[in-house]
J.: 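I am attaching a structure below and will ask some questions about it afterwards.
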There are 2 protein chains.
Amino acid sequence: MARTNDEARRAWQLLMRFFFRQRGQLPACGDQFGLSPVQCHVLHLLEPDDPMPMSRLAKTLSCDASNVTGLVDRLETRGLVERRPAAGDRRVRVLGLTPTGSRVRGELLRHVSGRPNPLTRLTPDERRALVRILERLLDEQDG
Amino acid sequence: MARTNDEARRAWQLLMRFFFRQRGQLPACGDQFGLSPVQCHVLHLLEPDDPMPMSRLAKTLSCDASNVTGLVDRLETRGLVERRPAAGDRRVRVLGLTPTGSRVRGELLRHVSGRPNPLTRLTPDERRALVRILERLLDEQDG
DNA sequence: TATTGTTATACTCTATAACTATA
DNA sequence: TATAGTTATAGAGTATAACAATA
């Protein structure tokens with residue numbers, strides 16, 4: 001049990017290190033469009049034809065709802081997203097991509113896919129194992 | 001090749017999602033000591049009896065050197081780390097843990113190890129696979 | 001000339017608390 | 001009463017540019 005937690009902590013530490021090390025390459029990705037890492041992530045999360053309420057975005061980002069206001073303000077100023085009224089509950093604002101936002105999102109994904117990143121150096125088996133493990137981690141937390 | 005990059009992008013997106021989702025539990029960890037997530041990470045990186053130059057910390061965090069100045073200022077104000085002169089090069093400042101910092105670091109690690117986190121729910125095989133993959137990713141970037 | 005670290009500046013991210021509108 | 005979102009505020013993180021000290 002103690003061993004399990006120690007191993008989990010080790011994995012967590014490695015994840016943190018990997019993340020911070022990768023961070024240096026993230027701005028280069030967003031700089032092209034003048035977007036911060038978080039803004040890129042939001043654009044990635046916001047799939048076309050699948051708008052999401054601001055409260056859901058706050059939950060997905062694990063941050064306070066007040067942050068989402070400013071975050072969306074900045075994305076809206078850039079013309080990438082827009083707030084829309086939600087059907088049925090007039091308190092709710094639903095976030096959708098503008099045509100420009102949809103185009104930039106596509107360019108962003110192509111930009112990421114188009115250049116090799118550290119994950120491409122894993123073997124196919126390793127990549128599949130990593131994806132499967134991450135999917136399990138994300139699934140288990142949904143409940 | 002295109003397939004490799006798409007899979008790598010998928011893995012990256014999952015990593016991002018996992019990271020943001022986990023973020024909500026990070027502050028609770030640092031709140032106990034009044035530390036931000038980045039400050040916790042620095043404390044984790046700074047092993048006792050293995051001081052590191054500020055420039056190396058900047059490189060490890062993939063951030064500009066000017067950020068490290070403020071980051072270390074705040075940790076120093078809390079009495080957790082201290083700047084020391086480096087032997088041989090008077091430009092260099094080496095970061096070391098104070099006795100308090102060393103103690104807090106220990107408590108932080110015990111705090112993380114002591115409570116179950118999502119990674120503990122992986123099977124032992126999955127955890128080992130994850131650790132191995134992350135170690136490979138980190139090793140390969142050192143060169 | 002190049003490197004280490006700092007300062008000044010501006011912007012983004014983040015949490016807390018108080019608030020409005022709606023449910 | 002409870003929830004969705006905003007505003008105000010404060011602090012932390014981040015990059016850029018200019019700078020001093022040292023190599």
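No experiment lies behind these values; they were computed from the predicted model shown. Lettering of chains follows the sequences in order, A, B, ..., and the numbering in each one begins at 1. We use all heavy atoms of the structure for the numbers below, so side chains are in, but hydrogens, waters and symmetry mates are not.
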J.: Tell me: CZ of B/Arg84 to P of C/dT4, nearest whole Å?
T.: 20 Å
J.: When you compare the side chain of B/Leu45 with that of A/Gln13, does any pair of heavy atoms fall below 4.5 Å?
T.: no
J.: Answer yes or no: is there a side-chain heavy-atom contact under 4.5 Å between A/Leu61 and A/Val42?
T.: yes
J.: In whole angstroms, how far is the P atom of D/dG13 from the CG atom of B/Leu57?
T.: 12 Å
J.: Quick one: does A/Ser62's side chain have a donor or acceptor within less than 3.5 Å of a partner on B/Gln22's backbone?
T.: no
J.: Please give me every residue in residues 63-76 of chain B whose heavy atoms get under 4.0 Å of an atom in DNA chain D, ordered by residue number.
T.: B/Cys63, B/Asp64, B/Ser66, B/Asn67, B/Leu71, B/Arg74
J.: Look for any protein N or O under 3.5 Å of an N or O in nucleotides 19-22 of chain C and output each such pair with its distance, or none.
T.:
residue : atom : partner : partner atom : Å
C/dT22  : O2   : A/Arg91 : NH1          : 3.4

J.: CG of A/Leu61 versus C1' of C/dT12: gap in Å, rounded?
T.: 14 Å
J.: Contact class for B/Arg83 (heavy atom, under 4.0 Å): base, sugar-phosphate, or nothing?
T.: sugar-phosphate
J.: Do B/Arg136 and B/Asp139 come within less than 4.5 Å of each other through their side chains, counting heavy atoms only?
T.: no
J.: Return yes if some donor-acceptor pair links the side-chain N/O of A/Thr98 with the main-chain N/O of A/Gly79 below 3.5 Å, else return no.
T.: yes
J.: Quick check against the 3.5 Å criterion: does A/Arg21 have a side-chain atom that pairs as donor or acceptor with the backbone of B/Thr60?
T.: no
J.: Judged by modelled atom types alone, do B/Ser66 and B/Asp64 share a side-chain donor-acceptor pair under 3.5 Å?
T.: yes
J.: If you assign each of A/Met54 and A/Phe20 to its closest nucleotide in DNA chain D, which residue comes earlier from the 5' end?
T.: A/Met54
J.: With distance as the sole test, does A/Arg127 use its side chain to make a donor-acceptor pair with the main-chain N or O of A/Leu122 at under 3.5 Å?
T.: yes
J.: For residues 38-47 of chain B, which residues have at least one heavy atom under 4.0 Å from DNA chain D?
T.: B/Val38, B/Gln39
J.: What heavy-atom pair brings A/Val81 and A/Glu76 nearest, and what distance separates the two atoms?
T.: O-CG, 3.3 Å
J.: If you find the nucleotide of DNA chain C closest to B/Val94 and the one closest to A/Ser62, which residue's nucleotide is nearer the 5' end?
T.: B/Val94
J.: Please examine the side chains of A/Leu75 and A/Leu95, heavy atoms only from C-beta on, and report whether any two atoms are closer than 4.5 Å.
T.: no
J.: Given atom NZ of A/Lys59 and atom P of D/dG5, what is their separation to the nearest angstrom?
T.: 13 Å
J.: Quickly work out the B/Leu95 CG to C/dT4 P distance and round it to whole Å.
T.: 14 Å
J.: How far apart are the C-alpha atoms of A/Glu82 and A/Arg93, what are their side-chain angles, what is the distance that settles it, and do they pass the salt bridge (charged side-chain N to carboxylate O under 4.0 Å, His left out) test?
T.: CA-CA 9 Å; A/Glu82 59 187 8; A/Arg93 309 279 207 126; over 6 Å; no
